[in-house]
Amino acid sequence: MTAFPNVYLTGFGAYLPGEPLDADQIAQRLGAGARGAGLRSRVLAANGIRTRHYALDEQGAVTMLNEELAAAAVQEALKDRDLPLDAVSMLAAGTTQGDLLVPGFGSMVHGRLGGPPMEVLSAGGVCASSMTALAAAARAVRLGEHPAAVVVGSELVSRSLRQSRYEGDRSTFDAEFLRWTLSDGAGAVVLEPNPRPDGLSLRLDWTHLVSYAGERPVCMSAGGEPVAGQTWLDGPDVATAEQAGLIRLRQDVKALPALFRLGLREYMGLVRAGRFTPDGIDHVLCHYSAEHFRGEIFGLLREADLMIDEERWFTNLHTRGNTGAASIFVMLEEAWRTGRFTPGERILLIVPESGRYSLAFAQLTCVAADDAASPVGGGEVARVAVRGDAATPPAAQVTGALPGARSATVAGTPSPLVAQDGDGELVRWTVLELARVWDDFERQVRSTALVRRIDTGTATLDDYRRLLVHLRQQVVEGGRWISRAASNFSVEMFALRSAAIKHAAEEHRDYQLLERDYCAVGGTIEQIQGARKNIGSEALSAYVFHQASQPDPVDLLGAMFVIEGLGAGLVLGWARALREQLGLREDQVSFLSYHGDADDAHFAELAHLLREALPDRAAAARVVRTAEVVARLYAMQLAEVDA
């Protein structure tokens, strides 16, 4: 593994325009129509923001440019580090919307700052654009291309939120939600290959950025629809686009839970890969747009047994507002300035971006001026093998460790990521392995032709009817194999037996709901009842019935994980997409909608059973193996719909 020099965050700056504004002052600056007063109150109550900053005067006139906010934050960061601008040879800037369409935002910030020629990067996007800029600048400093770089995230969104843009029938909830959520500000950090000589620094241990745009639709956007002829540039003039509301930022609020689930997936993947462990993190700085979502994030982490203690989380959302791309640096600057970090502590940065579903993570370690940690290996850290033999969970196998990591392990030493004698570690290993199975399964499902058509909005009514036909075969037999499993649990497995009996009763008549939907969209009861199973359905049915016939079939928790997880994670989205694409009524997609909602509860019950009923390591490994097989066969069943 190639080792590169370390890189350190050595200076921190933030700039928030004007005085802090409360809810009444916000409404005054933006202008607030009477029609939206109730919605405004609900949004402000949900996001928990008490004060925020706008680059607007009392009459709503713009007082600064976005580039000026960014330049001010850069100057504050350089002042904090006591560096002249001439010492910097790279500027990386991230924002959602610059002041001009052309040139790039980074170039405009450089022009505002002045100073010598330097490399400039303009990172586009939304909230994670500043983390993209950070990762790019850090790599350049690691490679020795620059002795110092400065990274800035900046937003001036208030000018787009004024009442004049929201008159008449053009406003929607998705637009109004962002109107009372976003605010202005900028944050910046200085990067160097050595710690600052006169105090503390934050060593950048690794970054992890990932986009799901290849799998997911747009969630937050401005400028119209991503279809030729339907963007703000395609009309006769910009005024027409403005009149149609195409310029306005919109947030598909109903789609945000999918972002949190993706965040959990990446978080679990990082834990599984050995990048960090929850008990090894001292501080979490997580960007979220509203206080309401904090509870959802915590709930997901607790359900996965991967929660970092709540007191370790820091945010200034309540007093600084949601400043988009600037938020993570505005948080970091305040935490730094108030002395929150001490040498040896590790800080996890998390930035989910809803634009088209991106996630950014980074780990920092607070170090003193004489930090002598060995170079980080190419930004990589310990990798823990978690696949192992199917019979038992593997022993810890660690190929390396992050310099200075207090929880680092060596070969042969127990790892916190694999099952040990404690029940908590057994559950954690199982949950992480099931997360790996789910990652593979969801990718297989989304790659099938039918699901691709649903995701891209090109599904037909015939596609929907065929989906129902092929799902029915599995649904009809679901209650049967669960009942058989219940009959094969011994008295010692009372909890699992009771859960199986209850679940079988709930599943018993689900196929009738599915049949009604099929008939409601033009099919007949004879067609759906007379259809034969496809190859994937045959294989899936044979496998689960065989497993259900074994003594104490604990491993079927793995099958339920995949099947119920599909409902909780994907099916509700299919119902919504098909309803919108095909103009269907709710009573025509009732089966998918019901399972999308009900399977959330079933999935929570399953998570409880994993904690309460796993008897030993061998059983945990069987659960994972059965999940792997069922995932492959279920994906085959969906692929065969087009056969």
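Given the structure is predicted, the values throughout are model-derived calculations rather than measurements.
- In this structure, Leu364 and Leu349 have side chains that are in contact, with non-hydrogen atoms separated by less than 4.5 Å.
- Side-chain contact between Pro278 and Tyr267 is present, with at least one heavy-atom pair separated by less than 4.5 Å.
- Of all heavy-atom pairs between Cys366 and Thr342, the closest is CB-O, 3.3 Å.
- Residues Val7 and Pro193 form no side-chain contact, since every pair of their non-hydrogen atoms from C-beta on lies 4.5 Å or further apart.
- Not a single donor-acceptor pair under 3.5 Å links the side chain of Ser221 to the backbone N or O of Val218.
- Contact between Cys219 and Ser354 at its shortest, heavy atoms only, is CB-O, 2.8 Å.
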Check against side-chain contact (heavy atoms from CB on, under 4.5 Å), His53 and Leu21
CA-CA 6 Å; His53 295 256; Leu21 305 175; over 6 Å; no
Where do Asp184 and Ser158 land on the side chain to side chain donor-acceptor pair (under 3.5 Å) test, with the steps shown first?
CA-CA 7 Å; Asp184 302 339; Ser158 60; 2.6 Å; yes
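- Atom CD1 in Ile347 sits 8.0 Å away from atom CG in Leu285 (nearest 0.5 Å).
- By the ring-ring contact (aromatic ring centres under 6.0 Å, His included) test, Tyr212 pairs with no residue at all, sequence neighbours left out.
- Distance check: Leu301 CG to Met307 CE gives 6.0 Å after rounding to the nearest 0.5 Å.
- A donor-acceptor contact closer than 3.5 angstrom is absent between the side chains of Asp57 and Thr63.
- In this structure the side chain of Leu348 never reaches within 4.5 angstrom of the side chain of His283, judged on heavy atoms.
- The side chain to side chain contact (heavy atoms under 4.5 Å, CB included) test applied to Asp439 returns Arg265, Arg272, Arg443, not counting sequence neighbours.
- Between Glu192 and Arg196 there is no salt bridge, since no side-chain N of the basic residue sits under 4.0 Å from a carboxylate O of the acidic one.
- Glu291 has its side chain out of reach of Asn47: every pair of non-hydrogen atoms, C-beta onward, lies at least 4.5 Å apart.
- For the pair Arg179 and Leu161, the tightest heavy-atom approach, listed with the atom from each and the gap, is NE-O, 2.6 Å.
- Arg142 has its side chain within reach of Leu204: a pair of non-hydrogen atoms, C-beta onward, lies under 4.5 Å apart.
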Evaluation steps, side-chain contact (heavy atoms from CB on, under 4.5 Å), between Tyr54 and Leu30
CA-CA 9 Å; Tyr54 288 147; Leu30 297 184; 3.6 Å; yes
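- With hydrogens and angles disregarded, a donor-acceptor distance shorter than 3.5 Å links the side chain of Asp234 to the backbone of Thr231.
- In Asp82, the CG atom is not crowded: 12 or fewer heavy atoms of neighbouring residues, nucleotides or ligands sit closer than 6.0 Å.
- In this structure, CG on Leu317 lies 9.0 Å from CZ on Arg50, to the nearest 0.5 angstrom.
- In the model, Thr95 has a side-chain atom that pairs as donor or acceptor with a side-chain atom of Asn66 under 3.5 Å.
- Between Val152 and Leu91 the shortest side-chain heavy-atom distance falls below 4.5 Å.
- To the nearest 0.5 angstrom, Tyr15 atom OH is 8.5 Å from Glu68 atom CD.
- Thr365 and Asp205 are linked by a side-chain donor-acceptor pair at a separation below 3.5 angstrom, with hydrogens and angles left out of the test.
- How far CD of Gln243 is from CG of Asp237: 10.5 Å, rounded to the nearest 0.5 Å.
- Look at Arg340 and Glu334 and you find no salt bridge, because none of the NZ, NE, NH1 or NH2 atoms lies under 4.0 Å from a carboxylate O.
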Evaluate the ring pair (Phe, Tyr, Trp, His ring centres under 6.0 Å) criterion for residues Trp206 and Phe361: first the C-alpha distance (whole Å), next the side-chain angles of each, then the deciding distance (0.1 Å), finally the verdict.
CA-CA 8 Å; Trp206 51 261; Phe361 296 79; 7.3 Å; no
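- Checked against ring-ring contact (aromatic ring centres under 6.0 Å, His included), Tyr357 has no partners two or more places apart in sequence or in another chain.
- Proximity of a side-chain donor or acceptor of Arg346 to a complementary backbone N or O of Gly280 within less than 3.5 Å is detected.
- With rounding to the nearest 0.5 angstrom, the CG atom of Leu101 is 10.0 Å from the CD atom of Gln97.
- The pair Glu266-Arg261 fails the salt-bridge criterion, with no side-chain N (NZ, NE, NH1 or NH2) lying under 4.0 Å from an Asp/Glu carboxylate O.
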Take Val189 and Thr10 through the test side-chain contact (heavy atoms from CB on, under 4.5 Å) and record every step on the way to the result.
CA-CA 7 Å; Val189 295; Thr10 59; over 6 Å; no
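- For Glu19, the side-chain hydrogen bond (donor to acceptor under 3.5 Å, both in side chains) partners are Arg29, not counting sequence neighbours.
- Remark: the Arg203 side chain and the Tyr8 side chain contain no N/O donor-acceptor pair separated by less than 3.5 Å.
- The heavy-atom pair separating Gly98 from Phe105 by the smallest distance is CA-CD1, 3.9 Å.
- Looking at residues two or more places apart in sequence or on another chain, you find no ring-ring contact (aromatic ring centres under 6.0 Å, His included) involving Phe314.
- Counting heavy atoms from C-beta on, the side chains of Glu333 and Phe329 never come closer than 4.5 Å.
- The side chain to side chain donor-acceptor pair (under 3.5 Å) contacts involving residues 104-127 comprise Glu67-Arg112, Glu119-His146, where partners must be two or more places apart or lie in separate chains.
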Checking side-chain contact (heavy atoms from CB on, under 4.5 Å) for the pair Met331/His287: CA distance, chi angles, key distance, verdict?
CA-CA 9 Å; Met331 266 189 280; His287 166 65; 4.2 Å; yes
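- A donor-acceptor pair under 3.5 Å is formed between the side chain of Ser183 and the backbone N or O of Asn322.
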Please report the C-alpha distance between Glu155 and Thr323 in whole Å, then the side-chain angles of each, then the deciding distance to 0.1 Å, and finally whether the side chain to side chain donor-acceptor pair (under 3.5 Å) criterion is met.
CA-CA 6 Å; Glu155 302 285 14; Thr323 53; over 6 Å; no
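- No side-chain donor from either of Thr319 and Asn316 sits under 3.5 Å from a side-chain acceptor of the other.
- When all heavy atoms are compared, the tightest approach of Ala369 to Pro197 is CB-O, 3.6 Å.
- Look at Asp99 and Arg159 and you find a salt bridge, because one of the NZ, NE, NH1 or NH2 atoms lies within 4.0 Å of a carboxylate O, short of that distance.
- Atom CD of Gln230 has more than 12 neighbouring heavy atoms from other residues, nucleotides or ligands inside a 6.0 Å radius.
- Looking at every heavy atom in both residues, Val151 comes nearest to Ser130 through CG1-O, 3.9 Å.
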